[in-house]
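Written out below as structure tokens is the structure these notes cover.
Side chains included, hydrogens not; waters and symmetry mates left out as well; all remaining heavy atoms used. Lettering follows sequence order; numbering is per chain, from 1.
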Amino acid sequence: MRPHVSVLRLPRGPDPNGRGFDPNSPRFIALCPTTISASTETGTDSVQMREEQRARSVLRESFLRTLIAMTNKQVQFHMYERVKVEAKFGASDIDVLNFQVSELHTPIGVQKEALLRCQDVISYSFDL
Amino acid sequence: MAMRQTPLTCSGHTRPVVDLAFSGITPYGYFLISACKDGKPMLRQGDTGDWIGTFLGHKGAVWGATLNNEATKAATAAADFTAKVWDAVTGDEVLTLAHKHIVKSVNFTQDSSCLLTGGNDKIIRIYDLNKPEAEPQEITGHTSAIKKALWCNNDTQILSAADDKTVRLWDRNSTEVVKQLSFDMSVSSMEYIPDGEVLVITYGKTIAFYNALSLDMIKTVDAPASIHSASLHPDKDFFVAGGDDFKLYKFDYGTKEELESYKGHFGPVHCVRFSPDGELYASGSEDGTLRLWQTAVGKTYGLWKCVLPGECAAEMVVLLEGSPISTEELWSSVRVTIGLLVTSLTKVLLP
């Protein structure tokens, strides 16, 4: 019997729950500082970076809390092409690419369930 | 007679894979990006094919994709009339460059400072990535859609292939044509090898090799079927090609002899590229998969392991006889070993 090649395992496929780019991978951890584009312009002063990172964390947390506060509330979405729609906000996906909404009021009727593409949204507002 | 190939199949795309590109060798290995008609280009670890991430944002089929040498940036060309630049570490979209028609090709300079784009509007554009709002430099001349535009000669010149059946060499500063090649049919693909200044062009059933500086023909080789893409090994001892008959062909570059052909894909092969270390080549097909093939079949590399005869049997025997572990552990180990043995055997039996 001649030597043959076996395969240790198949290549790992995409994760159905996210877009990947694992922030815990050695490459991400090593190269991440350079990906904070604002910092590279002003110079990599570690105190400045820490401050900036702290500010980013605060902003990110506020944003996530607004998403929680918005759940089941009536939200007015202002979108491109002069589109203004209102709907009851359900949830956002992990990468904030889509918003799941119910009872979407559109000029051609009310859509019971819909997904709004976030990159098409300019702004949205709701009453706290 | 060479050994059978066991390609590694990378699934994940849901539509045909139309373009792929490798990065250079980085401290974290090398990477592979695939362009797909499903609009979701993917980044994979180059030597294993493991998925790393998907670049989300394009609203149409992605026709071209590329990585910079360090695999820190990616660029994609799509049918949504945009070319996008991405951070290849975080997967974030960094820049969207609006065009007036479908964009087919994207290419970074060696230092990643400029991006070359080409597409159906017949214009080659050069974007300065440090000044993205500035208007790009435009190079006009082609009379049909551009298939591929590549930097060459240390980023001082540009090579472009279009549906007008020409391949043109342009000077970057003057934007004038330096030399032109005309063919009887449309060029299906083009690859530029900086080391040695070789240009690989495919058209019909022919794979042609040219000097990239002078555009003098070095040699042509004919394949048994219509070829969509070919790639020359870094050491220039062989080249691989794939096309309409779903097979991958391996040829000796020196003698032009067809050495091997491999079946595996379930659709025409659209793109094939050697890895930067030459140990494997990747092919993308109409069947929506990418397959990784070994250059030297039988070598232990990446996810391939060379199993010598008698190796499997020996493993099992050692475990069954007088192993200093508990009966419970022994049985679960035996189950695992038997599983491995069966896998190895079936791989040999499969066509």
Side-chain angles (χ1 to χ4, degrees), chain A residues 1-42 44 49 52-53 56-57 59-60 63 79-81 92-99 115-122, chain B residues 1 3-13 26-29 31 40 42-45 48-57 59 70-72 87-94 290-292 294 297-312 340 343-345 347-348:
Chain A
M1 201 175 99
R2 285 179 293 133
H4 66 271
V5 188
S6 86
V7 167
L8 294 172
R9 59 168 173 81
L10 289 175
R12 289 186 204 115
D15 170 12
N17 299 319
R19 65 184 177 112
F21 299 102
D22 180 13
N24 298 315
S25 71
R27 190 171 91 112
F28 193 108
I29 293 165
L31 298 174
C32 202
T34 62
T35 65
I36 301 174
S37 53
S39 312
T40 52
E41 280 168 35
T42 57
T44 48
M49 268 230 275
E52 184 176 322
Q53 194 52 21
R56 283 171 184 267
S57 305
L59 288 169
R60 176 74 177 169
F63 173 69
M79 303 172 79
Y80 284 100
E81 303 289 344
S92 166
D93 66 0
I94 190 88
D95 294 307
V96 195
L97 287 169
N98 296 293
F99 282 161
L115 276 180
L116 290 178
R117 192 163 47 194
C118 291
Q119 59 190 116
D120 294 344
V121 176
I122 298 172
Chain B
M1 237 227 98
M3 288 190 258
R4 287 185 187 283
Q5 263 265 32
T6 315
L8 294 169
T9 304
C10 307
S11 55
H13 283 305
T26 80
Y28 305 93
F31 300 85
K40 303 193 179 105
M42 292 185 182
L43 184 71
R44 293 177 184 272
Q45 191 70 43
T48 58
D50 287 337
W51 175 80
I52 293 174
T54 304
F55 297 102
L56 297 172
K59 293 183 192 160
E70 304 79 34
T72 50
D87 180 316
V89 181
T90 62
D92 294 333
E93 188 183 311
V94 165
L290 268 125
R291 272 165 222 253
L292 302 181
Q294 277 190 291
V297 183
K299 222 174 157 179
T300 292
Y301 181 84
L303 296 178
W304 289 289
K305 187 172 184 304
C306 185
V307 178
L308 295 164
E311 220 173 69
C312 287
L340 279 172
T343 315
S344 309
L345 279 175
K347 283 275 182 280
V348 174

State the CG-OG1 distance between A:L10 and B:T48, to the nearest 0.5 angstrom.
11.5 Å
So, do B:D92 and A:F21 sit near enough that their side-chain heavy atoms are less than 4.5 Å apart?
no
Heavy-atom distance under 4.5 Å to chain A: side chain of [X], backbone, both or neither?
X     : answer
B:F31 : side chain
B:L43 : side chain
B:E93 : neither
B:T26 : neither

Heavy atoms only, distances under 4.5 angstrom: which of [options] has the most pairs with chain A? Name it, please.
options                     : value
B:S11, B:G12, B:G53         : B:G53
B:C10, B:G302, B:P27, B:A71 : B:A71
B:Q294, B:M42, B:K59        : B:K59
B:I52, B:T300, B:T72        : B:I52

I'd like to know if the side chain of A:R19 and the backbone of B:L56 have a donor-acceptor N/O pair within less than 3.5 Å.
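No, because the side chain of A:R19 does not come within donor-acceptor range (under 3.5 Å) of the backbone of B:L56.
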Crowded around A:I122 CD1? As in, over 12 foreign heavy atoms under 6.0 Å?
yes
If you count every heavy atom of other residues, nucleotides or ligands that lies below 6.0 Å from A:R9 atom CZ, does the total exceed 12?
yes
Taking all heavy atoms of A:R12 and all of B:R44, pick out the closest pair and write down the distance.
O-NH1, 3.8 Å
Selection from A:G18, A:P16, A:G20 maximising heavy-atom pairs under 4.5 Å formed with chain B:
A:G20
Centroid-to-centroid, B:Y28 to A:F28, below 6.0 Å?
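Judged by ring-centre distance (under 6.0 Å), B:Y28 and A:F28 do not meet the cut-off.
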